[in-house]
Amino acid sequence: MIIELPDGQKKEFPAAVTPLDVARSLGERLARETVAARIDGKLADATTPISQDAKVELITLSSPEGLDVYRHSAAHLMAHAVKDLYGDEVQVTIGPAIENGFYYDFFSEKHTFTPEEFDKIEARMAELAAADLPINREVMGREQAMELFRGMGENFKVELIRDLPDETVSLYRQGAFVDLCRGPHLPSTRFLKVFKLTSVAGAYWRGSEKNAMLQRIYATAFPDKKELKAYLARLEEAKKRDHRKLGKELDLFSFSEEAGVGLPIWHPKGALLRMLLEDFERKEHLKRGYDIVLGPQILRTELWMKSGHYNNYRENMYFTEIDEQSYGIKPMNCLAHMLIYRSRMRSYRDLPLRFFELGTVHRHEKSGVLHGLLRVREFTQDDAHIFCTPDQLNDEILGVLRFVRDVMAIFGFQYEMEISTRPEKSIGSDEDWERATEALMKALESTGQPFEINAGDGAFYGPKIDVKLKDALDRRWQCATIQCDFTLPERFDLTFVGKDGEKHRPVMLHRVILGAIERFVGVLIEHFEGKFPLWLAPVQATVMNVTDNQADYAGKVFETLRAAGIRAEKDLRNEKLSFKIREAQQAKVPYMLVIGDQEMAAGTVTARMRDGKNLPSMGVAEFCSLVRGECEAYK
RNA sequence: GCCACCCUAGCUCAGCCGGUAGAGCAGCCGAUUCGUAAUCGGCAGGUGAGGGGUUCAAAUCCCCUGGGUGGCUCCA
């Protein structure tokens with residue numbers, strides 16, 4: 001029997017072997033680290049018998065797949081420990097490996113898990129791991145498996161098996177614990193050394209709010225203690241970047257229970273930051289052939305009925321009534337843009353038309369989803385609607401994708417892209433959906449960047465490309481989006497006159513680049529840890545004197561900076577220099593301009609930067625042009 | 001919206017098993033004039049998220065409401 005390895009090496013074995021045997025033949029150390037294998041491309045246990053020629057790729061702990069297997073087995077170990085400790089009080093459901101660890105969902109009407117029990121569960125896990133229980137795969141018929149789990153009172157498992165298409169299912173057994181599972185798993189519990197339970201949370205059975213609420217225990221596991229420590233340290237660091245914490249510390253924004261939940265209140269520095277972003281946006285849009293427009297905040301409810309929002313989006317909208325006429329507060333900006341389009345005859349020569357609006361919208365988001373600036377009920381989108389001919393569609397989508405790429409590069413963001421297709425609740429014909437989806441897909445493919453497909457997650461009026469940015473804790477937030485729409489132009493009977501003199505239907509693209517300014521600011525704060533680049537810093541420089549002696553001169557320097565358009569503050573208090581520096585440093589001001597007798601005598605300033613280094617002393621005019629230059633380069 | 005947890009001065013937090021509230025920072029007043037991350041002293045500041053209950057007695061125990069946090073569902 002011949003086993004072929006990934007490097008092309010072929011090894012011959014006299015009889016049936018397991019990947020573990022193959023590993024052993026290559027070295028004892030490799031055998032110790034082999035946790036699973038890919039046999040002819042399929043993931044399998046390291047103990048799977050191979051009885052014919054096969055290609056075998058060994059999976060070790062150092063690979064991402066190996067780590068997944070490790071964590072998945074850790075999830076079983078946790079479920080095992082929980083069943084040991086709580087027995088029939090809890091039922092097991094599912095427990096996969098996830099990005100930074102794993103979780104397991106339990107159902108119980110009798111017991112509620114709290115973090116206080118984590119130590120106890122971890123201790124039991126450690127005992128089971130030390131017991132070196134072999135983890136064995138078993139295959140059995142579905143009826144038999146259902147019987148087995150029914151007998152154990154594991155009704156969720158029974159339901160899972162009932163819905164599986166195959167005639168046989170695989171189970172994994174370790175000691176007295178058995179779980180329905182596709183695998184693969186570690187050969188033995190002894191491999192599991194370092195794990196830690198992190199939190200409990202509610203989760204719906206099978207992800208539907210109609211189903212039972214389960215208790216999810218989140219945990220993480222690493223092959224090595226050092227890696228766990230590094231991971232926990234990284235979490236601690238991430239907490240310091242939290243935009244809610246920094247937003248308070250830097251006095252950027254707040255929320256008020258009195259004003260209403262999910263409604264951000266922008267303090268002077270936050271409002272300034274926002275304004276800078278919005279100025280940037282206007283400039284960049286004008287540069288790319290967009291026209292700036294403005295629509296009303298409320299529009300008559302009849303119009304929302306016409307657009308389909310009333311039927312499909314009503315539960316997220318706020319309504320108000322004036323003079324017996326019902327109005328909807330806009331949750332999106334497209335309606336007014338379509339009215340502008342329709343306000344006169346359009347020729348194919350006018351297209352594409354790109355209407356841009358920093359449009360403030362209101363959406364009644366469920367209370368439980370609100371999250372600092374990242375999820376709010378009032379927000380401003382850098383929204384545009386592009387009206388074009390079907391022929392122009394591909395170029396327009398590409399143009400938006402380039403726009404996104406260029407802007408994200410300025411901020412230094414990495415991003416992930418995904419395409420979402422037709423959801424259940426939607427309007428429009430199948431053909432239009434297909435055309436639109438294909439157009440987006442083609443454009444995405446031509447960028448050469450990787451993307452994921454998110455089936456059934458589109459907007460109700462069309463498919464979309466989403467761009468996701470990560471926050472400090474690696475949670476993903478949708479920012480840019482491009483949505484293709486054939487339906488609204490139809491509903492509003494938008495037309496253009498073609499070369500042939502006939503009326504044709506334009507295509508509409510909804511798109512945002514930063515997405516919601518609020519969310520973007522939130523991500524921005526976490527990305528820069530509050531140390532905004534000079535061009536975005538609400539305060540670019542703080543002028544500080546060493547003693548009262550230089551107060552007049554420092555005051556004049558401050559006035560000069562202000563007059564030059566630099567966002568400066570002055571700190572002329574009778575305090576020690578180190579005290580003023582400390583405060584400016586905590587406020588994350590890019591430049592601290594120190595003014596003592598030397599500077600006063602020479603007519604200069606000495607700039608201290610956030611990294612603690614000083615620039616050589618220079619004249620005020622020179623400093624101003626330095627700041628201007630950096631800002632122009634978006635530094 | 002659902003599940004769990006949390007809510008003490010402007011901010012960060014302390015207060016063991018119920019005996020009736022405390023620190024640091026910020027603020028105010030005064031002194032200090034001191035060159036690269038905290039000068040010293042004093043003063044003031046709390047209907048303990050709000051409401052109800054148990055108790056001789058509640059910040060501490062129970063219930064309701066509100067808000068927050070972590071998730072789930074949903075989404076820019």
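Computation of the quantities below employed the complete heavy-atom set of this structure, encompassing side-chain atoms and omitting hydrogens, waters and symmetry-equivalent molecules. Here is the naming used below: chain letters follow the sequence lines, and residue numbers restart at 1 for every chain. The shown structure was predicted, so the numbers you read here are calculated from the model rather than taken from an experiment.
Not a single donor-acceptor pair, N or O on each side, falls under 3.5 Å between the base of B:G71 and the side chain of A:Q215. The base of B:G1 is paired with the side chain of A:Y204 by a donor and an acceptor separated by under 3.5 Å. Looking at A:R375, its side chain comes within 3.5 Å of the base of B:C74 through a donor and an acceptor atom. In the interface, the side chain of A:N614 is paired with the base of B:U36 through a donor and an acceptor atom under 3.5 Å apart.
With a cut-off of 3.5 Å on both pairing distances, B:G35 has no Watson-Crick or G-U wobble partner at all. Pair assignment for B:G70 gives B:C3, based on Watson-Crick or G-U wobble hydrogen-bonding distances that are each under 3.5 Å. Pair assignment for B:U54: none, as no Watson-Crick or G-U wobble contacts are both less than 3.5 Å. A 3.5 Å limit on both hydrogen-bonding distances identifies B:U65 as the Watson-Crick or G-U partner of B:A49. Of the nucleotides present, B:G24 is the one that pairs with B:C11 by Watson-Crick or G-U wobble criteria, both distances under 3.5 Å. Judged by Watson-Crick or G-U wobble contacts below 3.5 Å, the nucleotide B:G41 has B:C29 as its partner.
Residue A:N545 contributes atom CG, which lies 14 Å from atom C1' of B:U36 at whole-angstrom precision. Across the protein-nucleic acid pair, A:E117 atom CD and B:C5 atom C1' stand 13 Å apart, rounded to whole Å. Spacing between atom CZ of A:R476 and atom P of B:C75 amounts to 18 Å, rounded to whole angstrom units. Distance CG (A:D105) to P (B:C2): 19 Å, rounded to an integer number of Å. B:C34 atom P lies 9 Å from atom CD of A:Q550, rounded to whole Å. When the P atom of B:C34 is taken as reference, atom CG of A:D597 falls 9 Å away, rounded to whole Å.
In this structure, of B:C72, B:G35, B:G67, it is B:G35 that holds the atom nearest to the side chain of A:T606. Taking only side-chain atoms of A:V594, from C-beta outward, the nucleotide of B:A76, B:A37, B:G35 with the closest atom is B:G35. Relative to the side chain of A:M213, the nucleotides B:U39, B:A76, B:C3 differ in distance, and B:C3 lies closest. Comparing B:C2, B:G1, B:C75 by their closest approach to the side chain of A:K366 singles out B:G1. Closest to the A:V261 side chain, of the nucleotides B:G68, B:C75, B:G71, is B:G68. Counting only heavy atoms from C-beta on, A:E599 has its side chain closest to B:G35 among B:A76, B:G35, B:G70. The nucleotide whose nearest atom lies closest to any side-chain atom of A:F579 is, among B:U39, B:C72, B:A76, B:U39. Among the nucleotides B:U33, B:G35, B:U39, the one closest to any side-chain atom of A:L577 is B:G35. Comparing atom distances between the A:S367 side chain and each of B:C74, B:G1, B:C72 picks out B:G1 as nearest.
Taking both residues in full, the closest heavy atoms of A:I595 and A:A554 are given as CD1-CA, 3.9 Å, listed atom of the first, atom of the second, then distance.
When the side-chain nitrogen and oxygen atoms of A:Q585 are compared with OP1 and OP2 of B:A37, none of them lie within a distance under 4.0 Å. Between B:A37 and A:R608, a contact under 4.0 Å exists linking OP1 or OP2 to a side-chain N or O. An OP1 or OP2 oxygen of B:U12 is reached within less than 4.0 angstrom by a side-chain nitrogen or oxygen of A:K248. Not one side-chain nitrogen or oxygen of A:K245 sits closer than 4.0 Å to the OP1 or OP2 atom of B:U12. Between A:R475 and B:G70, a side-chain N or O to OP1/OP2 separation shorter than 4.0 Å is present. Dashed line: the shortest gap from a side-chain N or O of A:Y218 to OP1 or OP2 of B:C72 is under 4.0 Å. The side chain of A:H371 contributes an N or O atom lying less than 4.0 Å from OP1 or OP2 of B:G70. The phosphate of B:C2 (OP1 or OP2) has no side-chain N or O of A:R216 nearer than 4.0 angstrom.
Annotation: of the two residues near RNA chain B, A:T547 and A:E518, the 5′-most nearest-nucleotide partner is A:T547. Heavy-atom nearest nucleotides on RNA chain B were determined for A:V200 and for A:R582, and the one closer to the 5' end corresponds to A:R582.
Taking atom C1' in both B:U32 and B:G41, the straight-line distance is 11 Å, to the nearest Å. Only the C1' atoms considered, B:A14 is 16 Å distant from B:C7, to the nearest whole Å. Taking the C1' atom of each, B:A31 and B:U12 are spaced 28 Å apart, rounded to whole Å. Taking atom C1' on both nucleotides, B:U47 is separated from B:U20 by 14 Å, rounded to a whole Å. Spacing between B:G27 and B:G45 at atom C1', rounded to whole Å, works out to 9 Å. When the P atom is used for both B:C40 and B:G52, the distance is 45 Å, rounded to whole Å. Of the P atoms belonging to B:A44 and B:A49, the separation is 24 Å, rounded to the nearest Å. Atom name C1', nucleotides B:C64 and B:G19: the rounded distance is 27 Å, in whole Å.
Note on A:R475 versus A:E526: no salt bridge recorded, every NZ/NE/NH1/NH2 to OD/OE distance being 4.0 Å or above.
A salt bridge (Lys or Arg N to Asp or Glu O under 4.0 Å) with A:E237 is found for one member of A:R234, A:R241, A:K240 and no other, namely A:K240. Of the candidates A:K468, A:K464, A:R476, A:E418 forms a salt bridge (Lys or Arg N to Asp or Glu O under 4.0 Å) with just one, namely A:K468. Put simply, the residue from A:V92, A:I94, A:I217 that forms a side-chain contact (heavy atoms from CB on, under 4.5 Å) with A:Y104 is A:V92.
Looking at heavy-atom distances under 4.0 Å, A:E365 makes contact with a base.
Relative to the six-membered ring of A:F102, A:R71 misses at least one condition, a distance below 6.0 Å or an angle of at most 45° to the axis. A:R314 forms a cation-pi arrangement with A:Y310, by the criterion of a distance under 6.0 Å to the ring centre and an angle within 45° of the ring axis.
A donor-acceptor pair shorter than 3.5 Å cannot be found between the side chains of A:Q381 and A:H510.
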Donor-acceptor contacts, no H, no angles, side chain residues 611-618 of chain A, under 3.5 Å, sequence neighbours left out:
| unit_1 | atom_1 | unit_2 | atom_2 | d |
| --- | --- | --- | --- | --- |
| A:D611 | OD1 | A:K613 | N | 2.9 |
| A:S617 | OG | A:T606 | OG1 | 2.7 |

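Once the 5.5 Å centre distance and the 30° plane angle are applied, the aromatic ring of A:W477 is found not to be stacked with the base of B:A76.
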